[in-house]
Every structure is written in C-alpha cells, then in structure tokens.
Amino acid sequence: MLMVKPSEDERGAGQVHETDVVVVGAGPCGLFAVFELGLLDIKAHVVDILDKVGGQCAELYPEKPIYDIPGYPVITGEGLVERLLEQIKPFHPTYHLGRMVETLARLPDGRFQLTTDRGDIFRSKVVVVAAGGGSFQPKRPPVPGIEAYEGTSVFYAVRRIEEFRGHDVLIVGGGDSALDWTLNLQPVARSLTLLHRRDDFRAAPDSVKKMRALVEGGEVKLKLGQVSGLRGSAGQVAAAIVKDKDGKGSDLPCTRILPFFGLTMKLGPVANWGINLHENLIPVDTAKFETSEPASSPSATSTPTPASSSSSSAASTRRR
C-alpha cells in the first residue's frame with residue numbers, strides 16, 4: 001500500500017505563502033506538472049485534500065495494474081506515483097496535504113489568491129488546477145445524529161495525532177486506512193477498539209497481521225458489529241451504540257471516533273471559483289490552451305476539447 005508522505009511545510013495551517021505556482025491536486029497530473037515547472041526552474045507548492053500524494057492511484061487502486069502509461073507495458077498505481085515522486089525530487093516541491101482549496105480570486109496586482117479550509121492563503125502568478133473530477137471527500141456513515149459530533153469527537157481523517165492522545169478511540173472500518181490508524185494511534189490512545197462488520201479485512205496483509213498481534217496482546221480490542229447510534233452531548237461523544245450480527249445493541253464507551261467508510265469524489269468548491277464549467281468540466285481553447293480565465297491553460301489529462309472530452313477537470317490558470 002502506498003504511504004508516501006513527502007515533507008510538507010511544517011509551519012502548519014493558517015500561513016500566507018507567496019510563490020510562483022500553486023498546483024491544486026497531487027495526483028499523477030499534478031505531480032507531472034511539478035516536473036514540467038521544474039524544468040523551467042519554477043518552484044511549486046502542491047495542495048491536496050488527501051493526506052498523501054497520488055490522488056486516485058494512491059487512494060483507490062495502489063495495486064491495480066495500469067497498461068496505458070508511456071514507457072511502461074504495465075505498472076501499478078503505487079508504482080506510477082513512486083516514479084513520479086522520484087522524477088520531481090530534484091525540484092523540491094512544497095506539499096500542503098489534508099487541505100481543500102475553497103476559494104480562488106484575482107488580486108489587484110493580477111496574481112491569484114487561494115484559501116484553504118485550514119486557513120492557508122496562497123498568492124501566486126499561476127494556478128494549475130489538476131483536481132481530476134473534484135476532491136475526495138469521506139463517506140458519512142448512516143448513523144443518526146452523527147453530524148452533531150463531526151469535527152469535535154468524530155473525525156474522518158487524522159490531521160494531528162495529538163488530538164487522540166489519552167482518548168478512548170473507536171476506529172470503524174476494515175480497509176487500509178482503518179488498519180493503518182489502528183497501528184499508528186494505539187501507542188498514544190488510552191484505549192483503542194477496532195470495529196468491523198465481519199472478521200475479514202481488505203487491508204494489506206502485513207497490517208492485518210500486526211493488528212491481530214496487538215489484539216492477542218491485549219493492546220487493541222477487536223469487535224464485530226456496526227454502529228447504529230451515538231450517545232453524548234455538546235458535540236462530545238461518550239459511547240457508540242453497536243449492534244452485533246444478531247441485532248443486539250450495546251454501548252461501547254469512546255471519546256473519539258474515526259469512521260473509515262471510503263471516499264466519494266465531488267466537484268466541491270471548484271464550481272465556485274469563477275471558471276466556466278460545462279458538465280462539471282473546464283472548457284479549454286486548445287489553440288491557446290486557455291480556460292475562460294484570461295491567459296489560462298490546461299495541464300496534461302484535462303478538459304473538453306473540440307475533438308474529445310475527459311472526465312477530469314485539470315487546467316491551469318496563469319497571470320497575463
């Protein structure tokens with residue numbers, strides 16, 4: 001499983017970044033844009049909503065064979081991302097992961113300003129939109145009233161491990177994310193329970209083996225069932241109501257919950273950036289490689305052209 005996490009800007013969220021180029025999206029298209037920019041000695045900041053680079057290749061099919069990459073008869077999604085990271089390593093891009101770009105606007109001096117959901121501000125001459133079909137967003141589990149706890153005691157991603165230190169953590173799911181965070185949070189949590197609907201996991205075999213060793217040693221609890229409700233108040237969860245295979249419910253005390261029910265792709269804030277869209281794609285003038293924004297051009301796998309169309313929305317916007 002791909003767990004490549006290049007060095008990010010360690011100053012944290014809420015910073016102002018002045019740069020030549022911001023690449024929105026750290027999938028293969030965005031990573032190759034970093035390479036092309038690097039050849040021109042242009043430094044790039046890369047922003048992605050996921051907590052690792054690679055986009056769909058990393059998140060959805062890291063081990064799936066891909067047959068249409070030039071120069072490779074066959075390569076996995078993980079392998080492709082690793083090659084791209086090796087290719088752009090000499091150009092030292094700065095990564096801002098776990099962030100969603102919410103706004104894009106022109107400044108009086110002609111540059112662009114982008115803001116993220118974590119309060120980051122980017123100012124640049126060029127914006128490369130390599131967002132594919134949109135941003136990956138977690139699927140909300142069908143638990144009544146879960147919205148009241150989101151962002152306070154129910155989280156869909158781990159951005160700071162310290163937020164879970166000393167807590168009774170419940171992780172729900174059976175995939176790579178659930179198993180990875182079971183292994184990584186166990187040392188800091190007061191207690192950790194992994195809940196899955198069956199005793200069969202889709203994660204990497206090594207991760208499953210390590211999890212079972214922790215369970216056998218009494219350091220992690222493994223429970224089979226599904227969350228049917230939550231108990232708590234003022235955004236703080238106190239217990240999850242868990243139904244077993246027979247439909248019998250019981251309270252499982254916890255103060256932090258991480259449900260990993262997969263991801264869905266949504267166009268999200270891109271729709272409000274002021275760029276003309278056609279069926280959720282960015283139309284491009286291929287004679288000039290421009291979007292509707294003055295002097296803007298597409299990158300790699302992109303957008304509707306006179307001859308073809310793509311399900312991606314990858315384009316770049318640059319200052320005239």
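Computed over heavy atoms, backbone and side chain alike; hydrogens, waters and symmetry mates excluded.
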Student: Give the cluster check for Ile88 versus Leu39: same hydrophobic cluster or not, with ILVMFWY residues linked at side-chain heavy-atom distances below 4.5 Å.
Tutor: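 Result: yes, single cluster for both.
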
Student: Could you tell me whether the side chain of Phe164 reaches within less than 4.5 Å of the side chain of Leu258, counting heavy atoms only?
Tutor: yes

Student: Ignoring hydrogens, what is the shortest heavy-atom contact between Leu192 and Gln186? Give both atom names and the distance.
Tutor: CD1-N, 3.8 Å

Student: Within the structure provided, determine whether His96 and Thr116 are in side-chain contact (heavy-atom separation under 4.5 Å).
Tutor: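 Side-chain contact under 4.5 Å: no.
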
Student: If you look only at distance, which donor and acceptor atoms sit under 3.5 Å apart when one is on a side chain in residues 213-233 and the other is two or more places apart or in another chain?
Tutor:
{"residue": "Ser228", "atom": "OG", "partner": "Ile241", "partner atom": "O", "Å": "3.3"}
{"residue": "Arg231", "atom": "NE", "partner": "Asp251", "partner atom": "OD1", "Å": "3.1"}
{"residue": "Arg231", "atom": "NE", "partner": "Asp251", "partner atom": "OD2", "Å": "2.8"}

Student: If every non-hydrogen atom of Ile146 is compared with every non-hydrogen atom of Pro141, which pair is closest and at what distance?
Tutor: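 Looking at all heavy atoms of both residues, the closest pair is CD1-CG, 3.6 Å.
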
Student: Where the side chain of Asp246 meets the backbone of Lys248, is there a donor-acceptor pair that is under 3.5 Å apart?
Tutor: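 Judged by distance alone, no pair lies under 3.5 Å.
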
Student: Would you please test Asp199 and Arg212 for salt bridge (Lys or Arg N to Asp or Glu O under 4.0 Å) and show each step?
Tutor: CA-CA 11 Å; Asp199 194 16; Arg212 293 197 185 279; 2.9 Å; yes

Student: At their closest point, which heavy atom of Asp20 faces which heavy atom of Lys43, and how far apart are they?
Tutor: CB-O, 4.1 Å

Student: Could you go step by step and tell me if Arg99 and Asp117 meet the side-chain contact (heavy atoms from CB on, under 4.5 Å) rule?
Tutor: CA-CA 6 Å; Arg99 293 157 164 85; Asp117 59 341; 4.1 Å; yes

Student: Does any part of the side chain of Phe112, heavy atoms only, come nearer than 4.5 Å to the side chain of Arg106, both counted from C-beta?
Tutor: yes

Student: Looking only at non-hydrogen atoms, find the nearest pair between Cys57 and Val81 and report the distance.
Tutor: CB-CG2, 3.8 Å

Student: Taking Arg111 first and then Asp109, would you say they form a salt bridge - that is, a charged N and a carboxylate O separated by under 4.0 Å?
Tutor: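 Yes, charged N to carboxylate O under 4.0 Å.
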
Student: Do the non-hydrogen side-chain atoms of Leu179 and Phe201 ever get within less than 4.5 Å of each other?
Tutor: yes

Student: Among pairs that include at least one residue of residues 189-198, which meet side-chain hydrogen bond (donor to acceptor under 3.5 Å, both in side chains), considering only residues two or more places apart or in two chains?
Tutor: Asp168-Arg190, Asp168-Ser191

Student: Hydrophobic clustering (ILVMFWY, side-chain heavy atoms < 4.5 Å, transitive) - are Trp181 and Tyr149 grouped together?
Tutor: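 No, no single cluster joins them.
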
Student: Quick one: pull up OG1 in Thr115 and CD in Glu102 and give me the separation to the nearest 0.5 Å.
Tutor: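 One finds 6.0 Å between OG1 of Thr115 and CD of Glu102.
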
Student: Would you indicate whether the side-chain heavy atoms of Phe261 and Val172 approach each other to under 4.5 Å?
Tutor: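 Yes - at least one pair of side-chain heavy atoms lies under 4.5 Å apart.
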
Student: Please report the shortest heavy-atom distance between Leu37 and Ala44, naming the atom on each side.
Tutor: CD1-CB, 4.0 Å

Student: Do Ile161 and Leu185 make a side-chain contact, defined as non-hydrogen atoms from C-beta onward lying under 4.5 Å apart?
Tutor: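 With C-beta onward as the side chain, the pair touches.
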
Student: Do other residues, nucleotides or ligands put more than 12 heavy atoms under 6.0 Å from the CD atom of Glu86?
Tutor: no

Student: I'd like to know if Leu84 and Leu40 are part of one continuous hydrophobic network [Ile/Leu/Val/Met/Phe/Trp/Tyr, side-chain heavy atoms within less than 4.5 Å].
Tutor: yes

Student: Using modelled atom types and a 3.5 Å cut-off, is there a donor and acceptor pairing between side-chain atoms of Asp176 and backbone atoms of Ala204?
Tutor: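 Looks like yes, one N/O pair under 3.5 Å.
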
Student: Measure the shortest side-chain to side-chain distance between Pro28 and Ile69 over non-hydrogen atoms and say whether it is less than 4.5 angstrom.
Tutor: no

Student: Following the transitive rule for hydrophobic clusters with a side-chain heavy-atom cut-off under 4.5 Å over Ile, Leu, Val, Met, Phe, Trp and Tyr, establish whether Leu170 and Phe260 coincide in one cluster.
Tutor: no

Student: Going from CD on Glu150 to OH on Tyr156, what distance comes out if it is rounded to the nearest 0.5 angstrom?
Tutor: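 The CD atom of Glu150 sits 3.5 Å away from the OH atom of Tyr156.
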
Student: Given side chains that start at C-beta, do those of Asp180 and Ser207 come closer than 4.5 Å, heavy atoms only?
Tutor: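 The answer is yes, as the side chains (C-beta and beyond) meet within the 4.5 Å cut-off.
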
Student: Taking atom CD of Glu18 and atom OG of Ser124, what is their separation to the nearest 0.5 Å?
Tutor: 9.5 Å

Student: State yes or no: do Ile66 and Leu85 share one hydrophobic cluster built from I, L, V, M, F, W and Y residues joined by side-chain heavy-atom distances below 4.5 Å, directly or via other members?
Tutor: yes

Student: Would you check if the side chain of Thr255 reaches a backbone N or O of His167 as a donor-acceptor pair within less than 3.5 Å?
Tutor: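 Checking the backbone N and O of His167 against the side chain of Thr255, no donor-acceptor pair under 3.5 Å is found.
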
Student: Shortest non-hydrogen contact from Val34 to Phe91?
Tutor: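 Closest heavy-atom pair between Val34 and Phe91: O-CD1, 4.3 Å.
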
Student: Once rounded to the nearest 0.5 Å, what's the spacing between atom CD of Glu78 and atom CZ of Arg83?
Tutor: 9.5 Å

Student: For the backbone of Gly235 and the side chain of Ser153, can you confirm whether one donor and one acceptor N or O come within less than 3.5 Å of each other?
Tutor: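 Confirmed, Ser153 side chain pairs with Gly235 backbone.
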
Student: Check this for me: does any side-chain nitrogen of one of Glu163 and Arg256 sit under 4.0 Å from a carboxylate oxygen of the other?
Tutor: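 Looking at Glu163 and Arg256, the cut-off is not met.
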
Student: Once you round to the nearest 0.5 Å, how far does CG of Leu194 lie from CE of Met211?
Tutor: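 Interatomic distance, Leu194 CG to Met211 CE, rounded to 0.5 Å: 5.5 Å.
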
Student: If you round to the nearest 0.5 Å, how far is NZ of Lys52 from CG of Leu97?
Tutor: 10.0 Å

